[in-house]
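Okay, structure first, notes after.
Owing to the predicted nature of the structure, the values given are computational and were not obtained by experimental measurement. Just so we're on the same page: letters track the sequence lines, and every chain starts at 1.
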2 protein chains.
Amino acid sequence: MDQLAAKPSHTPAPTLKENLRKTREEHARETAQDYVEMIAELIASQGEARVIDMARRLGVTHVTVIRTIQRLQREGLVTTQPYRSIFLTAEGRRLAKESRHRHEVVVAFLESLGVSAAVSQSDAEGIEHHVSRETLAAFVRHLEKKGGA
Amino acid sequence: MDQLAAKPSHTPAPTLKENLRKTREEHARETAQDYVEMIAELIASQGEARVIDMARRLGVTHVTVIRTIQRLQREGLVTTQPYRSIFLTAEGRRLAKESRHRHEVVVAFLESLGVSAAVSQSDAEGIEHHVSRETLAAFVRHLEKKGGA
DNA sequence: TCGATTCTGTAGCACTGGCTACATTATGCA
DNA sequence: TGCATAATGTAGCCAGTGCTACAGAATCGA
């Protein structure tokens, strides 16, 4: 209650330090979600997830992919062996499934607002990482109201 | 049209390399928007924008703020003099105004879905940077339909 | 005025995630 | 089989954004 005398649109009262301190780890978490989701997709569609395919899809070099995969392995989301394809751990699969669901909800929601399919996809990739449980639930409610009876 | 044989929820067809290559500069741009918006707010409410106030609001040390301000100065968004407060350039003011508007639209939109005020504020800070012009327009339409006649 | 405190700034470290250049392993085809 | 190519991996660079520790400037009160 000291430097919050004037309270502008930033600093929504309760969230002060905790909220922004997480920036870095949040960013790392976003990357992790995108990666495990892509790995799951590749395994489903290609039978295996290879570094080179991920690099091409992400538009980065294979080096960047390898280093991120190394981090994900440290974090227990994937397993790899030298010169072999990438596998998800149980935790990795869980995260991939959750991420995919969230992604699909956001896309469907944007489309329900009249946003084009292409833009819905594109925007969802950024937005999905910032949608809280409460907001996601609101999206689902909105979809049910529109789509369902 | 080569590695897009299978097209999962990632890679929204046209955006391949360009889309993800921007990640880094996009992140830098997000930070720039948050900073200029906060600087504008501080100038409006306190009369001046000081490093220490920004650091406290952002929940980071003053060092982080100083380094980001240095970058923004390189990019022509702010001007500073040693041991003086921070000023926005014309371009900085333009960006601040645009960012604020976008932020307000996103917050109002989330609230219109029944999301609580606090969560709307919090989620908006993440979401607003990933909302395209088209999606923002859809948000506005939705608000007008709900609020207006 | 001057000394303590506060604010601003610099140096240097860590980590993420871009990159190029080069090394190593697998693979496929002649 | 063996070599060319493709895929994977390592080393080392850069920028951004966190941090602590310390240095320098400004400010405020005794």
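A salt bridge links A:Arg50 to A:Glu48: at least one charged side-chain nitrogen sits closer than 4.0 Å to a carboxylate oxygen. With respect to the salt-bridge test (charged N to carboxylate O, under 4.0 angstrom), the residues B:Arg100 and B:Glu41 qualify.
We find that CD of A:Gln33 is positioned 13 Å from P of C:dG17, with the value rounded to whole Å. Atom CG of B:Asp34 and atom C1' of D:dT17 are 13 Å apart (whole Å). Rounded to a whole Å, the CD1 atom of B:Ile69 is 11 Å from the P atom of D:dT17. A:Glu30 has its CD atom 12 Å from the P atom of C:dG18, to the nearest Å. In this entry the distance linking NE2 of A:His129 with C1' of C:dT16 reads 15 Å, nearest Å.
For A:Thr68 and C:dT16, the shortest distance from a side-chain N or O to OP1 or OP2 is not below 4.0 Å. Side-chain nitrogen and oxygen atoms of A:Gln70 include at least one within less than 4.0 Å of the OP1 or OP2 phosphate oxygen of D:dT10. Neither OP1 nor OP2 of C:dT16 sits under 4.0 Å from any side-chain N or O of A:Arg29.
Here the nucleotide nearest the side chain of B:Val60, chosen from C:dT16, D:dC19, C:dG17, is D:dC19. Distances were taken from every side-chain heavy atom of A:Ile66 (C-beta onward) to each of D:dT10, C:dG17, D:dT17; the shortest belongs to D:dT10.
A donor-acceptor contact under 3.5 Å is formed by the side chain of A:Arg67 with the base of D:dG12.
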Which side-chain N or O atoms in residues 129-141 of chain B pair as donor and acceptor under 3.5 Å with protein atoms at least two apart or in another chain?
residue	atom	partner	partner atom	Å
B:His129	ND1	B:Gln33	OE1	3.1
B:His129	NE2	B:Asp34	OD1	3.0
B:His130	NE2	A:His130	NE2	3.4
B:Ser132	OG	A:Asp123	OD1	3.4
B:Ser132	OG	A:Asp123	OD2	2.7
B:Ser132	OG	B:Thr135	N	3.2
B:Ser132	OG	B:Thr135	OG1	3.3
B:Glu134	OE1	A:Ser116	OG	3.4
B:Glu134	OE2	A:Ser116	N	2.6
B:Glu134	OE2	A:Ser116	OG	3.2
B:Thr135	OG1	A:Asp123	OD2	2.5
B:Arg141	NH2	A:Leu113	O	3.2

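Counting heavy atoms from C-beta on, the side chains of B:His142 and A:His142 come closer than 4.5 Å. Side chains of A:Leu58 and A:Met38 form a contact here, defined as non-hydrogen atoms less than 4.5 Å apart. The side-chain heavy atoms of A:Arg56 and A:Asp53, taken from C-beta on, include a pair separated by under 4.5 Å. Contact check for A:Leu77 versus A:Leu88: no side-chain heavy atoms found under the 4.5 Å cut-off. Annotation: side chain of B:Leu42 is in contact with side chain of B:Arg57 (closest heavy-atom distance under 4.5 Å).
A donor-acceptor contact closer than 3.5 angstrom links the side chains of B:Thr80 and B:Gln73.
Among A:Glu98, A:Glu125, A:Gln121, the one residue that satisfies the side chain to side chain donor-acceptor pair (under 3.5 Å) test with A:His103 is A:Gln121.
B:Ile52 comes within 4.0 angstrom of the backbone, heavy atoms only, and of no base. Contact annotation for A:Arg71: backbone-only contact, meaning every heavy-atom pair under 4.0 Å involves sugar-phosphate atoms and none involves a base. At a threshold of 4.0 angstrom between heavy atoms, the contacts of A:Gln81 are confined to the sugar-phosphate backbone, with no base atom among them.
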Contacts under 3.5 Å, N or O only, protein and nucleotides 20-29 of chain D:
residue	atom	partner	partner atom	Å
D:dA25	O4'	B:Tyr83	OH	3.3

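Positionally, the nearest nucleotide of DNA chain C for B:Ser85 lies more toward the 5' end than for the other of B:Ser85 and A:Glu75.
One axis for each end of the helix from C:dT1-D:dA30 to C:dA30-D:dT1, each built from five base pairs, and the angle between them comes to 0° at 10° resolution.
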